[in-house]
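Only one structure is covered here, and it is reproduced in the block below.
Quantities reported herein were computed from a predicted structural model and do not represent experimental measurements. For the numbers below, each heavy atom of this structure counts, side chains included, while hydrogens, waters and symmetry mates do not.
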Amino acid sequence: MCRLDAAVSDTGTSIGSSTSGGHRSHWCSVAYWEQRTRVGRLYPAHEPSLSIFYDLPQGTGLCLGQLQANAYHSRREDPGSHGTSDLYRHHSHGRGGGGGGRGGGNNSSSSNIQQIRNKIGFGIVLSREPDGVWVYNRSQHPVFVHSPTLDLPSARGLSVRRVMPGFSLKVFDFECSSWMTEHGIKPETQEGPWDPHSIRISFAKGWGPCYSRQFITSCPCWLEVLLNTHR
């Protein structure tokens with residue numbers, strides 16, 4: 001059955017499967033957000049393990065600092081581009097682009113974002129294992145995570161878990177997700193559109209009933225992990 005300690009789940013059987021051409025498809029896509037603004041494009045993960053860090057050159061993976069810099073320069077070079085240009089425009093007016101504030105109406109927000117950027121450091125390792133998806137915290141500050149399989153079906157509040165530096169947590173459980181899908185389970189705390197195959201991770205700041213921030217869109221720097229189930 002679906003247990004509380006069986007964090008993170010997905011449908012399991014189709015994640016990371018091969019395409020008809022024999023090439024392995026991506027098992028998830030990662031979006032980087034700063035409050036309500038998505039920064040850059042979705043990043044597909046093909047390897048079972050993905051390092052996500054801010055501005056450290058060691059190793060390979062998703063460098064959030066480079067993603068943010070590329071988004072800022074693309075916005076300057078082509079302000080009329082399609083896609084996420086409106087989000088970038090909001091990002092420029094609200095907090096500034098690049099590495100710091102450039103004026104605008106919300107200097108406090110810009111300062112908070114910069115502070116958290118500086119705390120991401122080595123970030124996290126996101127890994128797909130046979131039983132689910134795990135997060136390992138490589139930074140020097142806690143990260144906060146939520147997924148549909150971290151919530152009990154009868155839970156009255158959002159279950160946001162804290163992962164301390166040097167610790168790991170199974171944030172999505174395949175078996176639990178399959179059971180929830182089979183029984184049409186949707187957490188009572190969810191209102192409106194709901195993606196049963198997504199994980200949200202906030203750096204250094206928590207959200208939900210136990211925190212001052214009720215919604216993750218109030219967190220300075222966070223990730224949305226969209227599991228690929230070939231739906």
Atom [atom1] in [X], atom [atom2] in [Y]: separation rounded to 0.5 Å?
X: Cys28; Y: Glu224; atom1: SG; atom2: CD; result: 11.5 Å
X: Gln115; Y: Lys205; atom1: CD; atom2: NZ; result: 7.5 Å
X: Ser168; Y: Arg138; atom1: OG; atom2: CZ; result: 13.5 Å
X: Tyr43; Y: Tyr32; atom1: OH; atom2: OH; result: 15.5 Å
X: Ile124; Y: Ile52; atom1: CD1; atom2: CD1; result: 4.0 Å
X: Leu62; Y: Ser51; atom1: CG; atom2: OG; result: 9.5 Å

Please check if [X] and [Y] belong to a single hydrophobic cluster, counting links between Ile, Leu, Val, Met, Phe, Trp and Tyr side chain heavy atoms closer than 4.5 Å.
X: Phe215; Y: Ile199; answer: no
X: Ile216; Y: Tyr211; answer: yes
X: Val125; Y: Met164; answer: no

What are the two closest non-hydrogen atoms of [X] and [Y], and how far apart are they?
X: Ala45; Y: Leu50; result: CB-CD2, 4.0 Å
X: Pro196; Y: Pro148; result: O-CG, 3.5 Å
X: Ile116; Y: Ala204; result: CD1-CB, 3.9 Å
X: Cys219; Y: Trp207; result: SG-CB, 3.8 Å

* Asked: When Leu169 is tested against each of Val145, Val135, Val143 for side-chain contact (heavy atoms from CB on, under 4.5 Å), which residue passes?
  -> Val145

Are [X] and [Y] packed together at the side-chain level, in the sense that at least one heavy-atom pair is separated by less than 4.5 angstrom?
X: Pro209; Y: Leu158; result: yes
X: Ile120; Y: Cys221; result: yes
X: Trp222; Y: Phe203; result: no

Under 3.5 Å, side chain of [X] to main-chain N/O of [Y], donor-acceptor pair present?
X: Trp27; Y: Glu47; result: yes
X: Arg38; Y: Gly40; result: yes
X: Asn137; Y: Gly166; result: no

* **Arg128/Phe174 under side-chain contact (heavy atoms from CB on, under 4.5 Å): CA gap, chis, key distance, verdict** => CA-CA 10 Å; Arg128 187 197 72 228; Phe174 295 150; 4.1 Å; yes

* Distance only, no hydrogens: is a donor on one side chain within 3.5 Å (strictly under) of an acceptor on the other, for Gln35 and Ser109? -> yes

* Do Leu150 and Arg161 pass the side-chain contact (heavy atoms from CB on, under 4.5 Å) test, and can you show the C-alpha distance, the side-chain angles, and the key distance before you say yes or no? -> CA-CA 8 Å; Leu150 286 175; Arg161 302 293 188 86; 4.0 Å; yes

* Starting from the C-alpha separation in whole Å, work towards a yes-or-no answer on side-chain contact (heavy atoms from CB on, under 4.5 Å) for Ser177 and His197. => CA-CA 8 Å; Ser177 178; His197 306 109; 3.9 Å; yes

* Please assess Cys63 against Phe53 for the test side-chain contact (heavy atoms from CB on, under 4.5 Å), listing each intermediate value before the final yes or no. => CA-CA 5 Å; Cys63 178; Phe53 48 92; 3.7 Å; yes

* Tell me, yes or no, whether the heavy-atom count around Glu129 atom CD, taken from other residues, nucleotides or ligands under 6.0 Å, exceeds 12. => yes

* Short N-O contact, Glu34 and Arg117, less than 4.0 angstrom -> yes

